[in-house]
Amino acid sequence: MGKHYLPNLPQMEEMLREIGFSSIDDLFSDVPEGMVKEFDLPEGKSEYEVFTEMNEILSRNKTVLDMPSFLGAGAYFHYVPAHVKYLIERSEFLTAYTPYQPEISQGMLQALFEYQSMMAELYGLPVVNSSMYDWGSAIAEAALMTVRLHKGKRKRFVIPKALSPERKAVIRTYTRGAGLEIVEVPWDEKGRLDLEALKNVVEDAAGVYVEMSNFFGLVEENVREVGEIAHDAGAYFVVGADPTMLGIFEAPGELGADIAVGEASFLGSPMNFGGPRAGVFAVRNDRKLVRQMPGRIIGMTKDADGRRAFVMTLQTREQHIRRAKATSNICSNEALVAVASAIHLASLGPKGLRELGEVILKNTSYLRKRLSEVAEVPFDGLYFKDVPVRFDVPYDVIHERLLERGVHGGYYIGGHFPELGETALFAATETTRKEWVDGLIKALGEIIGEAEV
């Protein structure tokens with residue numbers, strides 16, 4: 001590294017002496033040989049030169065506004081009304097951090113209270129915290145919570161095999177230190193959670209997790225039955241649900257969930273290269289569950305003069321009085337994403353949310369119908385957003401040739417689920433246009449025909 005990149009260079013010798021070293025090499029002597037490398041960095045540039053160079057690099061990107069995209073698998077192109085962005089850019093929201101002195105943050109607390117209230121109604125469970133990092137971390141926190149509820153006597157958490165590989169990785173990372181055993185249940189011939197296989201592994205489980213539409217986009221028709229199996233075994237039942245589907249499907253609470261999780265950023269936030277996000281976390285109104293919830297809960301009360309006021313009702317975090325007994329070490333603030341979700345949800349209202357779900361379901365159905373004309377959709381059933389498609393041609397070839405035609409194809413899942421072969425997930429949302437789907441099918445027909453010649 002060039003010396004001009006090092007700060008405080010004139011004071012280097014003095015700082016080394018102060019900490020008891022004679023040279024930089026001594027300071028880094030514990031680093032294994034070969035691990036310290038020199039970087040041949042270019043000379044510095046002016047701000048304007050950096051701006052023009054970065055702008056040129058960024059101009060090579062193609063966004064969902066530049067080309068039809070069918071990429072989903074957990075990141076979806078939803079339309080966010082313009083006023084949502086305008087409102088969350090107000091300084092009261094944009095600069096707000098976790099309110100350590102909540103009594104002076106009444107506006108932010110009220111906004112988070114509204115978020116909790118709407119999510120509670122949407123998910124059918126009365127107690128909601130004011131967000132987690134994302135959907136994956138919410139599942140992992142739910143797994144740890146079920147173990148705490150069993151006082152550590154049960155350390156098995158059951159998940160479906162047909163789950164996002166990204167979320168699986170988060171769950172395993174979060175729970176490894178706590179010694180949880182993560183057990184995967186395979187899918188049946190219909191692509192849904194295999195109930196008989198579940199019965200064989202649920203004994204002594206702390207919790208069982210299922211998503212209302214699984215990673216393949218298939219709507220699980222047996223969620224209630226999964227919950228009954230979990231409860232019969234003494235396990236807590238955790239249900240994951242995309243909030244955009246809850247205007248037309250039963251809420252997790254109505255299906256018997258003890259804990260519900262999801263992704264709040266599907267409402268109110270653009271994709272932004274995968275983040276930031278905010279995980280939904282809701283529980284039954286049971287004191288045992290509420291006391292073991294991670295994160296923070298905002299409540300409404302009255303002040304000394306009898307006026308309505310908002311408070312941080314529960315914040316069992318390690319920075320506060322709970323210390324080692326904290327239910328979670330989550331400390332990054334996802335509140336802005338939660339507020340954006342609340343604004344979008346309030347703007348939609350019950351009628352708008354139902355219409356949103358209906359349009360997504362209709363567009364997904366049309367996508368599935370047309371895709372089945374050129375390739376195999378391996379499972380029958382009702383799909384929401386994602387549709388798996390199996391090809392006889394290597395999918396990387398198909399994907400590259402789609403890009404050459406100005407179409408972004410689906411997400412390849414053959415590497416994660418090799419038993420499915422050359423399969424990719426193609427997704428539709430309310431933003432998907434009929435002519436996009438028709439253009440995709442035309443392009444796929446041409447590409448497959450060329451590959452077979």
Side-chain angles (χ1 to χ4, degrees), residues 62 64-79 162 164 187-192 211-221 242 244-245 248-249 355-453:
K62 294 287 187 181
V64 291
L65 300 177
D66 300 317
M67 63 192 302
S69 176
F70 296 91
L71 192 65
Y76 305 98
F77 175 32
H78 290 293
Y79 179 72
S164 160
W187 59 82
D188 61 19
E189 67 280 358
K190 296 181 179 179
R192 299 173 184 83
E211 289 182 354
M212 289 176 59
S213 59
N214 63 24
F215 184 60
F216 305 146
L218 274 166
V219 175
E220 290 279 1
E221 298 174 352
D242 180 336
T244 63
M245 75 186 305
I248 56 175
F249 290 95
E355 291 174 352
L356 174 64
E358 288 172 348
V359 172
I360 294 173
L361 194 63
K362 176 184 174 183
N363 288 348
T364 308
S365 178
Y366 184 70
L367 176 64
R368 180 214 174 178
K369 176 179 175 294
R370 294 304 315 274
L371 284 168
S372 65
E373 296 172 10
V374 293
E376 178 192 3
V377 177
F379 306 115
D380 289 328
L382 186 65
Y383 287 90
F384 190 82
K385 289 189 179 177
D386 291 295
V387 180
V389 190
R390 182 156 52 207
F391 299 92
D392 294 328
V393 179
Y395 183 69
D396 59 342
V397 173
I398 293 173
H399 197 79
E400 288 300 319
R401 293 184 182 176
L402 281 174
L403 289 174
E404 291 170 3
R405 288 167 166 81
V407 178
H408 200 301
Y411 176 72
Y412 180 62
I413 63 173
H416 300 297
F417 305 99
E419 60 268 54
L420 293 178
E422 291 298 306
T423 299
L425 287 181
F426 285 72
T429 68
E430 78 282 4
T431 64
T432 305
R433 294 158 59 176
K434 181 177 181 294
E435 54 266 35
W436 290 359
V437 178
D438 295 340
L440 168 69
I441 302 309
K442 181 175 182 295
L444 283 174
E446 293 171 353
I447 293 167
I448 293 171
E450 292 169 1
E452 291 176 346
V453 173

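The analysis underlying the following values was restricted to heavy atoms, covering all of them including side chains, and did not include hydrogens, waters or symmetry mates. It should be emphasised that the depicted structure is a prediction, and the values quoted were computed from it without experimental measurement.
- For Lys442, the salt bridge (Lys or Arg N to Asp or Glu O under 4.0 Å) test picks out Glu446, with sequence neighbours left out.
- Between Thr432 and Leu367 the shortest side-chain heavy-atom distance does not fall below 4.5 Å.
- Here the straight-line distance linking atom CD of Glu220 with atom CE of Met212 works out to 10.5 Å at 0.5 Å rounding.
- Nearest heavy-atom pair across Gly72 and Ala427 is CA-CB, 3.6 Å.
- Not counting sequence neighbours, the partners of Phe216 by the ring pair (Phe, Tyr, Trp, His ring centres under 6.0 Å) test are Trp187, Phe379, Phe417.
- In this structure, Asp396 does not pair ionically with Arg401, as no charged nitrogen and carboxylate oxygen lie closer than 4.0 Å.
- Judged by distance alone, with hydrogens and angles left aside, the side-chain atoms of Arg405 form no donor-acceptor pair with the main-chain N or O of Gly439 at under 3.5 Å.
- Shortest non-hydrogen contact noted between Gly415 and Pro418 is O-CD, 4.1 Å.
- Residues passing the salt bridge (Lys or Arg N to Asp or Glu O under 4.0 Å) test with Glu211, sequence neighbours excluded: Arg167.
- Remark: Glu373 pairs with Arg370 by the side-chain hydrogen bond (donor to acceptor under 3.5 Å, both in side chains) rule, at least two apart or across chains.
- With contacts defined as side-chain heavy-atom distances shorter than 4.5 Å, the pair Val407/Trp436 does not qualify.
- Residues His399 and Tyr411 bring no donor and acceptor atom of their side chains to less than 3.5 Å of each other.
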* Ile248 vs Leu356, side-chain contact (heavy atoms from CB on, under 4.5 Å): CA-CA, chis, key distance, verdict -> CA-CA 9 Å; Ile248 56 175; Leu356 174 64; over 6 Å; no
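- Taking every heavy atom of both residues into account, Gly406 and Pro68 meet most closely at O-CD, 3.3 Å.
- Not one N or O on the side chain of Glu430 forms a donor-acceptor pair closer than 3.5 Å with the backbone of His78.
- In this structure the side chain of Leu440 reaches within 4.5 angstrom of the side chain of Phe426, judged on heavy atoms.
- For Asp392, the side-chain contact (heavy atoms from CB on, under 4.5 Å) test picks out no residue, with sequence neighbours left out.
- Here the closest heavy-atom approach between residue Pro378 and residue Arg390 is recorded as CB-NH2, 3.6 Å.
- Judged by distance alone, the side chain of Asn214 and the main-chain N or O of Gly191 form a donor-acceptor pair under 3.5 Å.
- By the side-chain contact (heavy atoms from CB on, under 4.5 Å) test, Lys362 pairs with no residue at all, sequence neighbours left out.
- Side-chain atoms of His408 and Leu403, non-hydrogen and from C-beta on, do get closer than 4.5 Å to each other.
- Looking only at side-chain heavy atoms (C-beta outward), Leu402 and Ile447 come within less than 4.5 Å of each other.
- Among residues two or more places apart in sequence or in another chain, the side-chain contact (heavy atoms from CB on, under 4.5 Å) test is passed with Tyr412 by Tyr395, Glu422.
- Here Leu382 pairs with Val219, Phe249, Leu361 under the side-chain contact (heavy atoms from CB on, under 4.5 Å) rule; sequence neighbours left out.
- Using a 4.5 Å cut-off on side-chain heavy atoms (C-beta onward), Tyr366 and Asp438 make contact.
- Remark: Thr429 pairs with Thr431 by the side-chain hydrogen bond (donor to acceptor under 3.5 Å, both in side chains) rule, at least two apart or across chains.
- With sequence neighbours left out, the salt bridge (Lys or Arg N to Asp or Glu O under 4.0 Å) criterion links Glu358 to no other residue.
- Inter-residue side-chain proximity for Phe77 and Leu71 is flagged as unmet; no heavy-atom pair is nearer than 4.5 Å.
- Scored by the salt bridge (Lys or Arg N to Asp or Glu O under 4.0 Å) test, Glu435 finds Arg433 as partners (sequence neighbours excluded).
- Formation of a donor-acceptor pair under 3.5 Å by the Asp386 side chain with backbone atoms of Ala73 is found in this model.
- Contact annotation: the side chain of Phe70 never approaches that of Leu425 to less than 4.5 Å [non-hydrogen atoms, C-beta and beyond].
- In this structure, the side-chain hydrogen bond (donor to acceptor under 3.5 Å, both in side chains) partners of Asp242, at least two apart in sequence or on a different chain, are Thr244, Lys385.
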